[in-house]
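Structure first, then comments.
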There are 2 protein chains.
Amino acid sequence: MTTRTDAEELLRSVSLRVTRPRVAVLLAAHDRPHADTETLIGAAREGMGAVSHQAVYDVLRALTDAGLLRRIQPAGSVARYEARIGDNHHHVVCRSCGSIADVDCAVGHTPCLTPSDDAGFTVDEAEVTFWGQCPDCATSSDIPHHDARQ
Amino acid sequence: MTTRTDAEELLRSVSLRVTRPRVAVLLAAHDRPHADTETLIGAAREGMGAVSHQAVYDVLRALTDAGLLRRIQPAGSVARYEARIGDNHHHVVCRSCGSIADVDCAVGHTPCLTPSDDAGFTVDEAEVTFWGQCPDCATSSDIPHHDARQ
DNA sequence: CCTACTTCCTTGACTCATTCAAGGGCGAGC
DNA sequence: GCTCGCCCTTGAATGAGTCAAGGAAGTAGG
């Protein structure tokens with residue numbers, strides 16, 4: 001877990017000014033992996049009092065551009081953010097409730113993640129998303145409570 | 001290429017009524033791989049005259065649910081549809097202009113597409129998206145004309 | 001410590017893809 | 001050709017995300 005001091009150092013390490021909203025959002029993102037923007041707004045307000053949603057949007061963009069957060073957005077979902085960066089891990093998404101879990105790259109050194117024919121594209125990243133059902137929805141799978149699609 | 005007759009047979013083969021909007025949208029999706037909804041609305045109108053956007057949305061959902069189309073939605077993009085289904089192919093997305101190209105599954109029989117630790121999820125699909133730059137944007141890469149993100 | 005500059009946050013309005021709802025229209029089987 | 005049920009039209013609403021202008025606060029230099 002990251003402390004307030006760690007968050008401030010992280011911000012300085014990427015030449016970003018240390019402000020209360022940024023620290024609060026960074027801590028919130030560390031606490032709740034794969035949280036969506038609305039959740040992070042709420043968490044940031046718990047941590048520091050009032051913040052505008054616009055400020056959180058700006059902060060999330062700044063942190064993402066700086067490489068402190070990674071933005072993920074499975075089809076039919078709102079944007080979500082995670083603080084686990086730098087390793088090549090992927091995600092499993094539940095089709096019923098939309099929950100997300102981390103999955104380490106299956107084979108050791110990202111094979112099959114270089115396309116056989118790249119159609120002339122310069123590829124810099126391979127993103128893998130697994131789709132299925134989470135344990136909770138699998139057990140109570142008769143009537144899904146909430147469809148993940150928009 | 002699919003003809004009008006082919007489209008009608010496809011619709012009947014999945015027990016869908018044959019209507020002018022459905023035929024027009026199905027043909028449009030075959031003609032323009034990875035087209036977004038707005039493009040398909042325009043193409044459908046070229047093919048059959050006036051159609052409401054709501055009708056196209058309904059048709060796209062029906063065709064997707066029936067398995068005649070596949071809906072893809074890279075992060076930060078609107079929904080796009082493709083008629084190439086049934087094979088395990090993936091996509092390269094240009095970070096600059098958002099264009100999409102097909103990529104055959106790199107290694108023969110979808111290895112590394114079974115997660116090493118599935119976190120208890122029942123996985124039924126693995127989706128791979130490659131990110132990079134298309135040939136056009138790579139050559140004129142000084143000032144990207146249009147950012148794919150929303 | 002204090003000032004000045006630059007960046008950041010607040011407020012409020014707005015965009016636009018997508019969905020909801022109600023009613024009339026049309027395809028398909030009899 | 002008629003009836004039933006699904007489909008399309010119209011019109012409005014939703015909601016994540018963005019734009020824009022002005023005031024506030026962090027940081028560097030004196």
Side-chain angles (χ1 to χ4, degrees), chain A residues 4 7-26 35-42 44-45 47-66 68-69 71-81 98 146-150, chain B residues 4 7-26 35-42 44-45 47-66 68-69 71-81 98 146-150:
Chain A
R4 181 165 304 270
E8 294 180 2
E9 280 179 21
L10 273 175
L11 287 169
R12 277 191 242 276
S13 72
V14 293
S15 309
L16 284 178
R17 286 190 181 175
V18 176
T19 64
R20 282 158 55 73
R22 289 180 174 176
V23 173
V25 169
L26 195 47
D36 60 25
T37 308
E38 192 185 0
T39 303
L40 291 173
I41 291 175
R45 284 180 178 153
M48 64 164 283
V51 213
S52 68
H53 78 144
Q54 183 62 52
V56 177
Y57 273 100
D58 286 348
V59 167
L60 286 172
R61 167 163 300 195
L63 297 182
T64 303
D65 289 348
L68 295 184
L69 293 183
R71 176 185 168 135
I72 59 180
Q73 189 177 17
S77 167
V78 298
R80 291 161 177 273
Y81 294 87
H146 161 239
D147 196 314
R149 307 171 180 223
Q150 259 180 342
Chain B
R4 182 165 303 272
E8 293 180 2
E9 280 180 20
L10 273 173
L11 287 169
R12 277 190 245 275
S13 72
V14 293
S15 308
L16 284 179
R17 287 193 181 170
V18 176
T19 64
R20 282 156 56 72
R22 288 181 175 175
V23 173
V25 169
L26 195 47
D36 59 25
T37 307
E38 193 184 358
T39 303
L40 290 174
I41 292 175
R45 286 179 177 154
M48 65 165 281
V51 212
S52 69
H53 77 143
Q54 185 61 55
V56 177
Y57 272 99
D58 286 349
V59 166
L60 287 172
R61 167 163 299 195
L63 297 182
T64 303
D65 290 348
L68 296 185
L69 292 183
R71 176 185 168 134
I72 59 180
Q73 190 177 20
S77 168
V78 298
R80 292 161 177 272
Y81 294 86
H146 162 239
D147 196 313
R149 302 166 186 230
Q150 260 180 340

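All values below come from the heavy atoms of this structure, side chains included, with hydrogens, waters and symmetry mates left out. Per chain, numbering begins at 1; letters A, B, ... match sequence-line order.
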Considering residues at least two apart in sequence or located in another chain, which fulfil the side chain to side chain donor-acceptor pair (under 3.5 Å) criterion with [X]?
| X | result |
| --- | --- |
| B/E9 | none |
| B/T39 | B/D36 |
| A/S13 | none |

For B/E38 and B/R20, find the nucleotide of DNA chain C closest to each by heavy atoms; which residue's nucleotide sits nearer the 5' end? B/E38

Taking [atom1] from [X] and [atom2] from [N], how many angstroms apart are they, rounded to a whole number?
| X | N | atom1 | atom2 | result |
| --- | --- | --- | --- | --- |
| B/I41 | C/dT18 | CD1 | C1' | 10 Å |
| A/Y57 | C/dC8 | OH | P | 19 Å |
| A/R80 | D/dA16 | CZ | C1' | 13 Å |
| A/I72 | D/dA16 | CD1 | C1' | 17 Å |
| B/L60 | C/dA17 | CG | C1' | 13 Å |
| A/R45 | C/dT10 | CZ | C1' | 11 Å |
| A/L63 | C/dC9 | CG | C1' | 14 Å |
| A/D65 | C/dT7 | CG | P | 15 Å |

Would you say the side chain of B/L69 lies within less than 4.5 Å of the side chain of B/L26, judging by non-hydrogen atoms? yes

So B/R12, base contact, sugar-phosphate only, or nothing? Heavy-atom distance under 4.0 Å. sugar-phosphate

Considering every strand and a 4.0 Å limit on heavy-atom distances, what is the contact class for B/A79: base, sugar-phosphate, or nothing? sugar-phosphate

Between B/R71 and B/T64, is there a donor-acceptor pair closer than 3.5 Å when you use the side chain of the first and the backbone of the second? no

Does any N or O in the side chain of B/S77 come within less than 3.5 Å of the main-chain N or O of B/Q73, such that one atom is a donor and the other an acceptor? no

So if I take the C1' atoms of five pairs at each end of the helix from C/dC1-D/dG30 to C/dC30-D/dG1 and get each local axis, what angle do the two axes make, rounded to 10 degrees? 40°

Identify all pairs in which a protein N or O lies below 3.5 Å from an N or O of nucleotides 19-21 of chain D, and state each distance.
residue	atom	partner	partner atom	Å
D/dC19	N4	A/Q54	OE1	2.4

Just N and O in the side chain of A/T37: are any of them under 4.0 Å from OP1 or OP2 of D/dA16? no

Heavy-atom closest contact (B/V23 atom, B/A7 atom, distance): CG1-CB, 4.1 Å

Anything under 3.5 Å between a protein N or O and an N or O of nucleotides 3-7 of chain D, put it in a table, one pair a line.
residue	atom	partner	partner atom	Å
D/dG5	N2	B/R17	NH1	3.3
D/dC7	OP1	B/R22	NH1	3.0
D/dC7	OP1	B/R22	NH2	2.6
D/dC7	O5'	B/R22	NH2	3.3

List in chain and number order the residues that pass side chain to side chain contact (heavy atoms under 4.5 Å, CB included) with [X], two or more places apart in sequence or in another chain; answer none if no residue qualifies.
| X | answer |
| --- | --- |
| B/R45 | B/I41, B/V51 |
| B/V14 | B/L16, B/A66, B/L68 |
| A/A62 | A/R22 |

Between A/V78 and A/T37, does the side chain to side chain contact (heavy atoms under 4.5 Å, CB included) criterion hold? Intermediate values first, please. CA-CA 8 Å; A/V78 298; A/T37 308; over 6 Å; no

A/E8 meets the salt bridge (Lys or Arg N to Asp or Glu O under 4.0 Å) criterion, sequence neighbours left out, with A/R12

Nearest-neighbour nucleotide for the A/A55 side chain, C/dT10, D/dC8, C/dT18 considered: C/dT10

